[in-house]
Amino acid sequence: HQLRESKLSDFPIVASWIRSEAECRIWCGSRVSYPPDLARLPQMLEFETCESWTGVSSAGILAFGQLVPKVKGRFHLARLITIPECRGSGLGRLMADHLLKRALARKASAVSLNVFSENVAALSLYQSLGFSAAKRPGDERESHSIYMEYDGKESETRIVGVRSGRATTVGVSVWAPDTEIRTVDN
């Protein structure tokens with residue numbers, strides 16, 4: 001697999017991976033409506049101001065992600081998505097690691113991302129890369145997602161959900177969806 005800068009012609013393929021309004025919210029946040037309007041998609045994805053990357057192989061386009069410049073030297077990983085048939089294969093890790101390294105090479109004051117609590121696989125991935133829940137800065141839109149920043153350490157605390165806009169955490173890395181989880185104040 002290789003990563004290359006994205007092309008406008010990649011967007012219809014990436015948009016085809018989003019099959020519901022819920023998936024659109026999880027992978028694109030509030031900037032992209034469902035179904036994605038292909039004519040407006042470059043504008044909604046801030047194509048002109050972000051670094052956009054595409055994962056490709058001989059089979060075609062497999063992954064997409066963006067690095068968004070923010071105020072005060074912070075960089076934000078956004079809209080990471082892989083083709084549904086390849087989820088869980090390591091492509092998301094490859095893309096997230098690439099974007100993180102690019103941000104760090106640019107001497108980022110901080111590296112952040114948003115992730116929804118129901119995207120358990122992504123939460124685990126980001127924690128394994130050294131991201132942990134953090135206070136959302138004033139320049140970030142309010143959201144029901146979990147705001148995370150890179151601290152370079154794998155967290156011993158695992159985020160497992162959000163209640164009333166607060167991350168719900170437990171001190172173990174195993175989560176069962178039907179288990180009652182209480183908020184732990186750290």
Side-chain angles (χ1 to χ4, degrees), residues 6 11 14-15 17-34 36 41-47 49-55 63-82 84 87 91-104 106 108-155 157-170 175 181 183 186:
S6 298
F11 289 168
V14 173
W17 302 340
I18 300 169
R19 299 177 179 152
S20 70
E21 192 169 340
E23 285 185 3
C24 191
R25 181 182 67 87
I26 287 172
W27 283 296
C28 302
S30 62
R31 290 194 186 277
V32 179
S33 58
Y34 183 80
L41 198 54
Q43 177 188 2
M44 290 187 281
L45 295 179
E46 306 171 286
F47 185 68
T49 58
C50 298
E51 279 191 37
S52 299
W53 291 87
T54 300
F64 177 80
Q66 291 183 297
L67 186 61
V68 182
K70 297 287 188 169
V71 298
K72 299 180 183 173
R74 180 169 58 92
F75 285 88
H76 190 81
L77 280 61
R79 297 175 277 276
L80 277 77
I81 186 170
T82 60
R87 292 187 183 141
L91 289 171
R93 177 175 297 280
L94 177 72
M95 181 63 74
D97 187 57
H98 175 74
L99 296 173
L100 175 60
K101 286 178 180 172
R102 290 197 57 86
L104 295 174
R106 293 174 79 173
S109 62
V111 183
S112 61
L113 57 83
N114 290 304
V115 62
F116 284 92
S117 60
E118 60 266 34
N119 197 346
V120 176
L123 278 169
S124 178
L125 166 64
Y126 300 142
Q127 288 170 331
S128 75
L129 290 174
F131 286 86
S132 59
K135 183 178 185 221
R136 188 178 300 278
D139 66 308
E140 279 292 312
R141 293 179 182 184
E142 273 305 310
S143 171
H144 294 289
S145 64
I146 300 167
Y147 175 83
M148 302 179 86
E149 284 191 357
Y150 177 73
D151 62 16
K153 299 179 277 193
E154 182 177 347
S155 175
T157 300
R158 296 288 178 239
I159 300 168
V160 295
V162 171
R163 290 195 184 139
S164 303
R166 287 191 55 202
T168 301
T169 59
V170 294
W175 176 66
I181 303 293
T183 301
N186 298 344

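For the single chain, residues carry numbers from 1 onward in sequence order.
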>> Under the rule for side-chain contact (heavy atoms from CB on, under 4.5 Å), what residues qualify as partners of A22, not counting sequence neighbours?
In response: S20
> Is the closest side-chain heavy-atom distance between W27 and N119 below 4.5 Å?
Replying inline: yes
> If you measure from CG on D97 to NZ on K101, what distance do you get to the nearest 0.5 Å?
Replying inline: 4.0 Å
> Is NZ or CZ of R106 both nearer than 6.0 Å to the six-membered ring centre of F75 and within 45° of the ring axis?
Replying inline: no
>> Working to the nearest 0.5 angstrom, can you tell me the gap between L99 CG and L94 CG?
In response: 9.5 Å
>> Using side-chain heavy atoms (C-beta onward) and a distance below 4.5 Å, is P137 in contact with K70?
In response: no
> Where the side chain of E140 meets the backbone of R136, is there a donor-acceptor pair that is under 3.5 Å apart?
Replying inline: no
> What distance separates H144 NE2 from N114 CG, expressed to the nearest 0.5 Å?
Replying inline: 12.5 Å
>> Which heavy atom of L123 sits nearest to which heavy atom of S117, and what is that distance?
In response: CD1-O, 3.6 Å
> Considering only heavy atoms from C-beta outward, does the side chain of E23 approach that of I81 to under 4.5 Å?
Replying inline: no
> For Q66, which of E46, E51, R79 qualifies under side-chain hydrogen bond (donor to acceptor under 3.5 Å, both in side chains)?
Replying inline: R79
> Who are the ring pair (Phe, Tyr, Trp, His ring centres under 6.0 Å) partners of H76, not counting sequence neighbours?
Replying inline: none
>> Are the side chains of L67 and L77 in contact, using a 4.5 Å heavy-atom criterion?
In response: yes
> If you look at every heavy atom in F47 and S6, which pair is closest and at what distance?
Replying inline: CZ-O, 3.7 Å
>> Using side-chain heavy atoms (C-beta onward) and a distance below 4.5 Å, is L80 in contact with Y126?
In response: yes
> Which heavy atom in L100 sits nearest to a heavy atom in Y150, and how many Å separate them?
Replying inline: CD2-CE1, 3.6 Å
>> Using the rule given for salt bridge (charged side-chain N to carboxylate O under 4.0 Å, His left out), can you reason through K72 versus D139, listing the C-alpha separation, both sets of side-chain angles and the distance that settles it, and then say yes or no?
In response: CA-CA 10 Å; K72 299 180 183 173; D139 66 308; over 6 Å; no
>> Determine whether a donor-acceptor pair (N or O, by modelled atom type, separation under 3.5 Å) exists between the side chain of T82 and the backbone of G92.
In response: no
> Going through the distances and angles, do S52 and L45 end up as a side chain to side chain contact (heavy atoms under 4.5 Å, CB included)?
Replying inline: CA-CA 9 Å; S52 299; L45 295 179; over 6 Å; no
>> Around atom CD of E118, are there more than 12 heavy atoms from other residues, nucleotides or ligands closer than 6.0 Å?
In response: yes
> Checking Y34 side chain against R19 main chain: does a donor-acceptor pair fall under 3.5 Å?
Replying inline: yes
>> Looking at L125, is its backbone amide N or carbonyl O close enough to the side chain of R93 to form a donor-acceptor pair, meaning the two atoms are under 3.5 Å apart?
In response: no
> What distance separates E149 CD from R74 CZ, expressed to the nearest 0.5 Å?
Replying inline: 6.5 Å
>> Any heavy-atom pair between the side chains of E21 and R25 that's under 4.5 Å?
In response: no
> What residues form a ring pair (Phe, Tyr, Trp, His ring centres under 6.0 Å) with F64, not counting sequence neighbours?
Replying inline: F11
